[in-house]
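Heavy-atom basis, side chains included; hydrogens, waters and symmetry copies ignored. In listed order, ligands and their atoms are each counted from 1.
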Amino acid sequence: MHILICGGGNAAHTLAGLLASQPDNHTQIFLSIPEEADRWRRGLALSGGMRVRSRDGERVGNPRLVSANPQEAAAHVQLVLLALPAFAHESVLRQLAPYLEPGVWIGALPARGAFDLCALQALGETAERSVIFGLQTLPWACRIEEFGQSVQVLGTKAQVDLAAFPPDQAGAISQALTNLLEVRVSPIANFLSLTLAGTGQIIHPGIMYGLFHNWAGEPLGEAPLFYQGVDAFTAEVLQAMSDEVQAIRYALQEKYPNLDLSAVRPLDQWLHLSYGSDLLDTTSLQAAFNSNLSYQGLKAPVRKTAHGLEPDFHARYLAEDVPFALVALRGIAEIAGVPTPKIDQVLIWAQERLGQEYLVAGRLQGKDITASRAPQRYGINTLEQIFQSEETVSYAQKE
Ligand code: NAD
């Protein structure tokens with residue numbers, strides 16, 4: 001298959017080595033920052049291919065092209081994989097759109113919230129002759145070892161959900177990705193499920209809140225463990241956020257009985273499905289986080305200042321997961337009329353840390369909504385708009 005990987009970080013390193021190691025693929029990399037493309041080319045020349053190390057061994061694959069030129073990168077590709085933080089989705093899609101050929105599959109891993117709305121808008125006319133898809137999460141926990149040369153896969157999920165628009169394409173894309181990614185990819189009914197079910201939007205801001213809501217500026221001795229640092233208080237926050245997502249799910253299903261939101265799972269179910277035997281202790285939500293082998297050793301984001309270490313509130317756990325996921329979820333809750341007090345508490349704390357404004361006086365009306373993935377940003381303010389507008393029909397299967 002002719003594949004274009006967009007991005008140069010941890011996920012792109014993993015995809016590059018894995019997909020280029022499979023003989024039937026023609027794998028290319030698009031990096032919109034030319035200096036990053038140079039670093040990739042230098043790294044690959046030194047190492048002779050991207051090395052992907054995991055508990056199962058090592059794979060090496062050498063992509064055929066690394067380019068910062070969207071026209072060159074997009075030529076003849078059948079599959080585009082956005083392995084990027086969500087804040088880069090829109091600009092990368094806009095760069096590639098003029099050069100993509102009809103019938104191309106374009107997807108993000110992970111999708112984060114409202115990726116369908118973002119892609120439909122950014123791709124313009126190209127969206128009409130493409131299939132858009134998103135994965136509920138990245139199949140791996142992975143970290144670059146040597147830039148452009150090697151990456152370590154710390155854990156691989158047992159299965160990952162995929163939504164597509166048009167929805168009837170989800171099965172074919174899931175089958176192809178199951179073979180390519182060597183992870184079970186399961187088709188789900190609609191993109192709305194992904195917007196509600198993106199667990200990063202709960203886990204990342206929820207744990208940041210749990211770890212640092214009482215932080216008063218004192219230097220940290222060292223970066224605290226992130227997932228293993230989940231204590232009883234944080235587990236309660238995560239549980240309450242997950243319960244609120246379920247309340248949104250059931251309110252929507254009551255109103256639209258034909259709407260399939262079965263992929264919007266409670267957090268503990270999602271952990272079991274994704275991590276399986278990597279969870280050594282499943283007696284409680286806290287124990288599941290603390291004992292997950294895929295999470296071992298991962299630290300909270302911190303930054304060095306003149307006064308010592310302090311939490312990095314601008315790292316992606318807030319800077320990506322809040323505007324591009326939690327705010328989208330909160331937007332659906334607002335439209336559905338479902339109260340979300342715990343999500344609001346975490347969101348208000350997080351937006352203050354980020355210096356941004358989304359939730360004001362209990363409504364998504366802050367000035368930074370325009371740069372978020374809230375459905376309201378795309379002009380969607382009612383359930384009828386979600387389910388009836390042709391443009392957003394991806395939110396529900398046509399009956
Ligand atoms: P990363 O931070 O390593 O990605 C950084 C790369 O993104 C950069 O090297 C650059 O190529 C690209 N990029 C950043 N800003 C850009 C911009 N403005 N324009 C164009 N390109 C830009 O991220 P990652 O770890 O590869 O993660 C990719 C996605 O997967 C993110 O959404 C992340 O939250 C998610 N995720 C990652 C992991 C993991 O273990 N790495 C696990 C779960 C989910």
Inter-residue atom distance Gln71.CD - Ser67.OG, 0.5 Å rounding: 10.0 Å

Asp161 and Arg265: CA distance, side-chain angles, deciding distance, salt bridge (charged side-chain N to carboxylate O under 4.0 Å, His left out) verdict: CA-CA 11 Å; Asp161 287 342; Arg265 301 182 180 87; 2.7 Å; yes

Distance from atom 30 (O) of ligand 1 to nearest protein heavy atom, with residue and atom: Pro110 CD, 3.2 Å

Thr156, Asp56, Leu18, Leu177 screened by side chain to side chain contact (heavy atoms under 4.5 Å, CB included) with Glu182, the one that passes: Leu18

Aromatic plane relationship, Phe313 with Trp215 - under 30° parallel, 30 to 60° tilted, over 60° perpendicular: perpendicular

Closest protein heavy atom to atom 17 (C) of ligand 1, given as residue, atom name and distance to 0.1 Å: Ala88 CB, 3.6 Å

Per-atom contacts, ligand 1 versus Trp140 - under 4.0 Å to a heavy atom: 40 (O), 42 (C)

Side chain, backbone, both or neither: Ser32 near ligand 1, heavy atoms under 4.0 Å: side chain

Parallel, tilted or perpendicular, as decided by the 30° and 60° cut-offs, for the rings of Phe226 and Tyr317: parallel

For atom 24 (P) of ligand 1, the protein heavy atom that lies nearest, with its residue and separation: Arg316 NH1, 3.5 Å

Short N or O distance, Asn10 and ligand 1, threshold 3.5 Å exclusive: yes

Distance-only N or O hit between ligand 1 and Ala141, under 3.5 Å: no

Nearest protein heavy atom with distance in Å, relative to atom 10 (C) of ligand 1: Glu36 OE1, 3.2 Å

Option with minimal heavy-atom separation from atom 7 (O) of ligand 1, where the choices are Gly198, Gly8, Pro85: Pro85

For Phe87, atoms of ligand 1 separated by under 4.0 Å from a heavy atom: 15 (N)

Aromatic ring proximity, centroids under 6.0 angstrom, Phe133 and Phe115: no

Location of contacts on His13 toward ligand 1, heavy atoms closer than 4.0 Å: neither

Arg112 heavy atom under 4.0 Å from ligand 1: yes

Ring centre gap for Trp40 and His13 strictly below 6.0 Å: yes

Closest approach of Ser291 to Asp281 (non-hydrogen atoms, all atoms of both residues): OG-N, 2.9 Å

Closest protein heavy atom (residue, atom, distance) for atom 13 (N) of ligand 1: Leu84 CD2, 4.1 Å

Atoms of ligand 1, numbered as shown, that sit under 4.0 Å from any heavy atom of Gly7: 11 (O)

Closest protein heavy atom to atom 39 (C) of ligand 1, given as residue, atom name and distance to 0.1 Å: Arg143 NH1, 3.3 Å

Asn292-Gln296 side chain donor-acceptor pair, cut-off 3.5 Å: no

Ring centres under 6.0 angstrom apart (Phe324, His89): no

Exceeds 12 heavy-atom contacts within 6.0 angstrom, atom CD of Glu254: no

Distance from atom 44 (C) of ligand 1 to nearest protein heavy atom, with residue and atom: Leu138 CB, 3.7 Å

Which residue and heavy atom of the protein sit nearest atom 6 (C) of ligand 1, plus the separation: Gly9 N, 3.7 Å

